[in-house]
Amino acid sequence: MNNKYVDKFSKDFLWGGAVAANQVEGAWDVDGKGIDYTNYCVGGLMGYNPEKAKNTLYMPERKAIDFYHTYPEDIKLFSEMGFKVFRTSLSWTRIFPTGEETEPNELGLEYYDHLFDELIKYNIQPLVTISHYEMPVNLIEKYGSWRNRKLIKFYLHYCETIFKRYKDKVKLWMPFNELNNMRRNPEYVGGILGEHGHGKMQAIYQASHNMFVANASAVKLCHEIIPDSKVGAMYSLSNIYPNNCDPQTVFETMDCRRRSLFYGDVMIRGYYPTYIYRLWNENNIHIEMTSDDLKLIKENTNDFLAFSYYRTTTHEKGQKFFGDTGGDIGTPNPYLKTSDWGWQIDPTGFRYTLNELWDRYQIPLFPVENGLGAKDIVEDGKIHDPYRMDYLRQHVTAMKEAIKDGVSIMGYTWWGPIDMVSAGTFQMSKRYGFIYVDLDDQGNGTRRRIRKDSFYYYKQIIDSNGENLNEK
Ligand code: BG6
């Protein structure tokens, strides 16, 4: 561990961008792909409704931005910005259409071979999320999803297949996206549907345990098959502050935060913390687990901590804990500006979070999602987006301050470098990209790509390794 004062991004800092298969690829039913959770959602990830989905004419995530076919031209644009890393997920159902086949779908595997080859051609390292809300619908409907231990076996067969296939191409892996969102949105993270009250809490923690076992097994397997790989734990860690200094408010806020950090406590420290046993005890939660599970979890912790950070909020005494794709939802903070979608912009909170996580875990951190969803206007074929550039500058500055504070950061992937379908609302108009995609919320448009002003700004940041943040 390096305890020396550092005031620069490391030479090998991984600058890049992040997407998820279900939000960009489209091609939802081609080349043997099976149906995944997102294909049966309407109006956003919380809208799982197979019947309605089957009758909905335009399903944004079914066609998305057609990255399935356009990846060569899109990757060329990423390379023009100087990307060192590109994060995407694999669509589980392209490879195992129902999740329980013995043999994988070769066409699905080939697709990702081509995608990785294209990245490697430009010296862009792939960073792969193994499961980003794309779980096979069959596993949800037939087995009740992650509540059922059988899922571990199916998931590990998928992992083994992709580790063996891509061992020479992919060294950075993350078994699950935002696993701690199980506590807020278990529907799309773990396929937990139709539960309420105590039953829901029971299902959340049982499914989480099964996913912890799956994660630890995936870490073990990945290290065996790809000895020079690194396997990250990935969480949603936008932050929450106490709304005032009433000690009760402060304690509740810590408790809320700890419900998320719990996931890191298990996967990174390697054991269940006492506070969670207390929570289970007081809520009559009983988790089926074996001593072998606990041993596996202890011996196979993750190599780095990846996380998304978009915003902060505040907690008031007695407020219920809940959230969405961006993090917890509490009371707005009067000191912060708010995005077009009501997300409060807080770069200092980013520095705070980086310090918080480093102090707690002392393993390399990797912010793999940070970005601004905003409305863009095309004028004379150009998109001027100073708001996005401001957000980027402020968050890169915060990251640099955290590095000076002593935090070890591996890289930074902006969410998402190209406009894509929003996960929470299925809108195209919630644009994160440095690259504009000509497509509206109803699916109209040419899908033509246009470089926004922020495209050149991110290029400048990467070219100078985070030193030149001047906006022209
Ligand atoms: C994260 C997800 O929770 O938030 C992404 O990992 C998602 O899939 C991102 O896109 C931003 O949320 P939204 O709803 O604006 O797309």
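In what follows, residues are counted from 1 in the order of the sequence shown. Atoms within each ligand, like the ligands themselves, are counted from 1 in listed order.
- In this structure, F262 and Y272 have tilted ring planes: the angle between them lies in the 30° to 60° band.
- A salt bridge links D376 with R388: the distance from a Lys NZ or Arg NE/NH1/NH2 to an Asp or Glu carboxylate oxygen falls below 4.0 Å.
- Only the side chain of W415 comes within 4.0 Å of ligand 1, counting heavy atoms alone; its backbone N, CA, C and O stay farther away.
- Salt-bridge annotation for R94 and D31: absent, with no side-chain N of the basic residue lying under 4.0 Å from a carboxylate O of the acidic one.
- Ring geometry for Y158 versus W92: interplanar angle under 30°, hence parallel rather than tilted (30 to 60°).
- Residue W343 has no N or O atom closer than 3.5 Å to an N or O atom of ligand 1.
- The shortest N or O to N or O distance between E178 and ligand 1 is below 3.5 Å.
- Salt-bridge annotation for E187 and K200: present, with a side-chain N of the basic residue lying under 4.0 Å from a carboxylate O of the acidic one.
- The ligand atoms of ligand 1 that sit less than 4.0 angstrom from a heavy atom of Y432 are 11 (C), 12 (O), 13 (P), 15 (O).
- For atom 16 (O) of ligand 1, the nearest protein heavy atom (residue, atom name, distance) is A423 N, 2.7 Å.
- Within the 4.0 Å heavy-atom criterion, neither part of D324 lies near ligand 1.
- The closest approach between any non-hydrogen atom of Y133 and ligand 1 is below 4.0 Å.
- Residue, atom and distance of the protein heavy atom nearest to atom 10 (O) of ligand 1 are Q23 NE2, 2.9 Å.
- With a 6.0 Å cutoff to the six-membered ring centre and a 45° limit on the axis angle, R259 does not count as a cation-pi contact of F321.
- Side-chain atoms of N177 and R87 include a donor-acceptor pair closer than 3.5 Å.
- Every atom of ligand 1 is numbered from 1 in the order shown, and the set under 4.0 Å from a heavy atom of G424 is 13 (P), 14 (O), 16 (O).
- Using a 4.0 Å cut-off to heavy atoms of Y310, the atoms of ligand 1 that qualify are 4 (O), 9 (C), 11 (C).
- For atom 2 (C) of ligand 1, the closest non-hydrogen atom on the protein side is E369 OE1, 3.4 Å.
- For Y68 (side chain) and W28 (main-chain N/O), no donor-acceptor pair under 3.5 Å exists by modelled atom type.
- Every N/O-N/O distance between A20 and ligand 1 stays at or above 3.5 Å.
- Assignment of H132 to the shell around ligand 1 is supported, since a heavy atom sits closer than 4.0 Å.
- In this structure, the side chains of F366 and K230 stay at 4.5 Å or more apart for every pair of heavy atoms.
- Numbered from 1 in the order shown, with element, the atoms of ligand 1 that lie under 4.0 Å from a heavy atom of T325 read 1 (C), 3 (O), 4 (O), 12 (O), 13 (P), 14 (O).
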